[in-house]
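FYI, side chains are in, hydrogens and waters are out, and symmetry mates aren't considered; it's all heavy atoms of this structure. These numbers were taken from a predicted model, which means no experiment stands behind them.
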Amino acid sequence: MESDRLTAALKTFAEAERGIVDFGRVGDSGRALELVRMRKQMVIEFAALGAALEEDGFLERHLDVKTDVLRLFAAFRTANAINTAEWPAIRVRDDVTQFQAAAQNVARASQAFWARIRSAFPVGIA
C-alpha cells in the first residue's frame with residue numbers, strides 16, 4: 001500500500017462499519033439514538049475514505065483498478081444511503097428483523113468492495 005492516508009482511512013472505516021454491523025446483529029431496539037450516531041459517523045468515514053481512494057498514488061498509476069474500486073465503493077455507499085433512507089432509526093426500533101433482512105443489500109455491496117480492496121492491496125488490508 002502506498003498511501004498512509006489510505007491505510008488509515010480503510011482501518012477507521014472498517015472499525016465504524018463493524019460497529020454498525022454489530023448493532024444490526026444484536027438488534028437492540030432500545031438503542032435508536034446510538035444507531036443515529038453510528039450512521040452519522042459512517043457518513044464522515046465514507047467521505048474520508050472516498051477522498052483517500054481518489055488521491056492514492058497506486059490507484060493513480062493503475063486507473064483500471066481505481067475505476068473498479070471506486071465503482072464498488074459508490075455501489076456500497078449508495079446501498080448504505082438507500083438503507084438509511086428506508087430504515088430511519090424509529091423504524092429499525094419497531095421492526096429489527098426486517099431491518100436485518102434489508103441490510104443484506106448493504107452487506108453484499110460491502111463484501112464486494114472489501115474483496116476488491118484485498119485483491120488490489122494484498123498486504124496490510126483486513
Side-chain donor-acceptor contacts of residues 77-90 below 3.5 Å, not counting sequence neighbours, with atom names and distances?
from, atom 1, to, atom 2, distance (Å)
Thr78, OG1, Ala74, O, 2.8
Thr84, OG1, Asn80, O, 2.9

Under 3.5 Å, which donor-acceptor pairs do the side chains of residues 101-109 form with other protein atoms, sequence neighbours left out?
from, atom 1, to, atom 2, distance (Å)
Gln104, NE2, Gln100, O, 3.4
Asn105, OD1, Arg108, NH2, 2.3

| Those residues that, when tested against Glu54, pass salt bridge (charged side-chain N to carboxylate O under 4.0 Å, His left out) (two or more places apart) | Lys66
| Phe46 vs Val43, side chain to side chain contact (heavy atoms under 4.5 Å, CB included): CA-CA, chis, key distance, verdict | CA-CA 5 Å; Phe46 267 115; Val43 169; 5.8 Å; no
| Non-hydrogen atoms of Met42 and Glu17 that approach each other most closely | SD-N, 3.6 Å
| field | Phe121 vs Val65, side chain to side chain contact (heavy atoms under 4.5 Å, CB included): CA-CA, chis, key distance, verdict | value | CA-CA 10 Å; Phe121 304 103; Val65 176; 5.9 Å; no
| Non-neighbouring partners of Glu34 that pass side-chain contact (heavy atoms from CB on, under 4.5 Å), sequence neighbours left out | Arg31, Arg37, Met38
| field | Qualifying residues under side-chain contact (heavy atoms from CB on, under 4.5 Å), relative to Arg71, sequence neighbours excluded | value | Asp68
| Counting heavy atoms not belonging to Glu15, are there more than 12 under 6.0 Å from its CD? | no
| said: So, using salt bridge (charged side-chain N to carboxylate O under 4.0 Å, His left out) as the criterion, who are the partners of Arg91 when residues are at least two apart? | reply: none
| Between the side chain of Ser119 and the main-chain N/O of Arg116, is any donor-acceptor distance below 3.5 Å? | yes
| Is the count of non-hydrogen atoms from other residues, nucleotides or ligands lying under 6.0 Å from Leu33 atom CG greater than 12? | no
| query | Residues in salt bridge (charged side-chain N to carboxylate O under 4.0 Å, His left out) with Asp95, at least two apart? | reply | none
| Pair listing, salt bridge (Lys or Arg N to Asp or Glu O under 4.0 Å) test, anchored in residues 38-48, at least two apart | none
